[in-house]
Amino acid sequence: MISAIKYSPEVAQAIKAGNPIVALESTIISHGLPRPSNLEVARQCEEIVREGGAVPATIALLDGKILIGLETQELEAIANRDDIAKASIRDLAIIISQNKSAATTVAATAHIAAVAGIKIFATGGLGGVHRGASESFDESADLTALSQLDMTVVCAGVKSILDVHATLERLETLSIGLVGYKTNSFPGFYLTDSGFSLEHRVESATEIAKIIKTRTDIATQFKSLIVANPVVVEMPRARHDEILASGLERAQQEGIDGKAVTPFLLEHFHKASNGESLKINTEIIKSNCALAAEIAVALS
Ligand code: PSU
Ligand code: MN
């Protein structure tokens with residue numbers, strides 16, 4: 001047991017009993033969604049996982065502790081406090097040692113979940129290779145993290161603000177598994193179809209559970225599996241492309257770089273679309289939580 005970890009009673013009980021658990025990230029709460037929707041959506045996500053028969057384990061760092069499962073006030077703190085940093089794997093030990101607080105990205109959340117033996121994780125859209133990465137070298141640590149962890153991540157593809165083609169190439173190089181849930185097209189976060197096709201398609205949670213077990217049988221489990229679950233009602237494409245173009249331009253003008261890029265562009269989308277992207281983002285996360293719970297149950 002790592003001393004910096006604090007489990008919520010609900011998660012501790014589920015681990016002890018071997019009940020299905022779904023890990024949830026917190027960067028989406030503190031940096032991906034605006035207040036006050038962020039707290040509301042975080043609560044709804046946890047409820048959806050419970051309704052699906054699994055226990056939600058939202059992961060974050062609060063005042064120097066790793067929390068696996070957030071209690072009411074802890075979730076409120078992550079959603080509302082102004083001192084919540086965005087932590088990737090490399091930041092974890094530093095933030096814990098300095099008794100600080102941070103939300104965890106997909107990379108950091110997956111790492112902590114794996115330490116706790118949790119194998120299923122739901123998020124919105126993965127990080128990936130940013131546009132212009134051949135110059136900026138901006139590639140999310142989500143990719144390298146997932147190439148080293150025994151994790152199954154349910155997401156709506158990678159965020160459409162990224163270079164999707166380059167990201168798919170990197171996923172292949174890193175040997176990260178990729179299946180489309182009831183689709184042959186790689187989803188594009190706000191868009192149902194990113195324009196790239198998928199080699200593998202699955203129809204059910206049971207099928208995914210079988211793949212997860214087989215990965216362990218043949219020792220490929222330490223390179224994550226991505227389950228790409230497309231959003232049902234997408235954003236009108238012309239509007240999407242227009243908002244993305246203006247967001248990228250603003251980011252460049254304002255010199256936004258590093259870990260600030262993704263939150264900046266997401267916020268730009270939420271503002272410029274008058275809340276439409278927020279609605280879609282919320283649907284994406286909820287749907288991924290429901291599917292992740294189904295997979296966790298099928299696996300147990
Ligand atoms: N998906 C969302 N909203 C988000 C993120 C994902 O719908 O805010 C976050 C995740 O935590 C992901 C991070 O790990 O964005 C990627 O950030 P970066 O591009 O800086 O690696
Ligand atoms: Mn980056």
Side-chain angles (χ1 to χ4, degrees), residues 23-35 37-38 41-42 44-45 58-61 78-79 84-92 102-113 121-147 149 151 153-164 166-167 170-171 176 187-191 224 226 228-231 234-235 240 247-248 251 256-270 273 276-289 292:
L24 302 172
E25 61 144 318
S26 46
T27 294
I28 200 165
I29 304 172
S30 61
H31 302 274
L33 299 168
R35 296 173 193 161
S37 316
N38 59 348
V41 173
Q44 287 170 349
C45 285
T58 306
I59 291 174
L61 308 181
I78 293 297
I84 309 295
K86 171 179 166 185
S88 192
I89 292 179
R90 66 175 189 158
D91 308 307
L92 293 174
T104 47
T105 62
V106 168
T109 308
H111 176 87
I112 294 168
F121 175 16
T123 183
L126 276 189
V129 181
H130 283 259
R131 290 159 195 248
S134 60
E135 292 285 315
S136 69
F137 282 74
D138 191 354
E139 173 181 332
S140 177
D142 289 357
L143 298 186
T144 43
L146 294 182
S147 73
L149 296 169
M151 193 56 59
V153 184
V154 183
C155 61
V158 298
K159 284 182 283 279
S160 49
I161 57 175
L162 301 168
D163 182 337
V164 178
T167 304
R170 289 292 289 150
L171 290 176
I176 295 170
F189 194 56
Y190 295 132
L191 306 173
S224 299
I226 294 174
N229 181 30
V231 67
E234 68 173 11
M235 191 169 209
H240 171 272
L248 291 169
I256 308 292
D257 65 1
K259 57 165 74 169
V261 174
T262 299
F264 178 89
L265 289 174
L266 291 175
E267 193 189 338
H268 175 80
F269 257 94
H270 297 328
S273 72
E276 188 180 4
S277 70
L278 174 61
K279 224 177 104 195
I280 297 172
N281 206 341
T282 305
E283 285 314 309
I284 288 170
I285 312 167
K286 287 192 197 167
S287 155
N288 293 342
C289 287

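Both ligands and their constituent atoms are indexed starting at 1 by order of listing.
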Note to self: Ignoring waters, how many N, O or S atoms from the protein are under 2.8 Å from the Mn ion (ligand 2)?
What the structure shows: 1
Check: Counting from 1, what ligand 1 atoms have a heavy atom of K86 closer than 4.0 Å?
Finding: 17 (O), 18 (P), 20 (O)
Next item on the list: Check each atom of ligand 1 against the heavy atoms of T105 and keep those under 4.0 Å away; list them by number with element.
Entry: 11 (O), 14 (O)
Check: Is it true that a side-chain atom of S30 and a backbone atom of A79 form a donor plus acceptor pair closer than 3.5 Å?
Finding: no
Notebook entry, point to check: Polar-atom distance check: T104 versus ligand 1, any N or O pair below 3.5 Å?
Noted result: no
Next item on the list: Would you confirm whether S224, through its side chain, and L149, through its main-chain N or O, come within 3.5 Å as a donor-acceptor pair?
Entry: yes
Note to self: Checking contacts here: is it the side chain or the backbone of L266 that comes within 4.0 Å of ligand 1, counting heavy atoms only? Could be both or neither.
What the structure shows: side chain
Notebook entry, point to check: So, is T262 polar-close to ligand 1, with some N/O to N/O distance under 3.5 Å?
Noted result: yes
Note to self: Once you measure the plane-to-plane angle for H270 and Y190, does it fall in the parallel (<30°), tilted (30-60°) or perpendicular (>60°) bin?
What the structure shows: perpendicular
Next item on the list: Give a yes or no answer on whether the side chain of H130 reaches the backbone of D138 with a donor-acceptor pair at less than 3.5 Å.
Entry: no
Next item on the list: Measure E25 to ligand 1 on non-hydrogen atoms and call it side chain, backbone, both or neither using the 4.0 Å cut-off.
Entry: side chain
Item checked: Carboxylate-amine/guanidinium contact D91 K259, below 4.0 Å -> yes
Checklist line | ligand 1 to G125 polar contact by distance, N or O atoms, under 3.5 Å | finding: yes
Next item on the list: Using modelled atom types only, decide if a donor and an acceptor are shared between the side chain of N38 and the backbone of I29 within a distance under 3.5 Å.
Entry: yes
Notebook entry, point to check: Would you say V106 and ligand 1 have an N/O pair spaced under 3.5 Å apart?
Noted result: yes
Checklist line | Structural part of T109 in contact with ligand 1, heavy atom criterion under 4.0 angstrom | finding: neither
Checklist line | L92 side chain near T104 side chain, heavy-atom distance below 4.5 Å | finding: yes
Item checked: Between OG on residue S147 and CG on residue L171, distance to nearest 0.5 Å -> 10.0 Å
Checklist line | Residue, atom name and distance, where the atom is the protein heavy atom closest to atom 9 (C) of ligand 1 | finding: K159 NZ, 3.7 Å
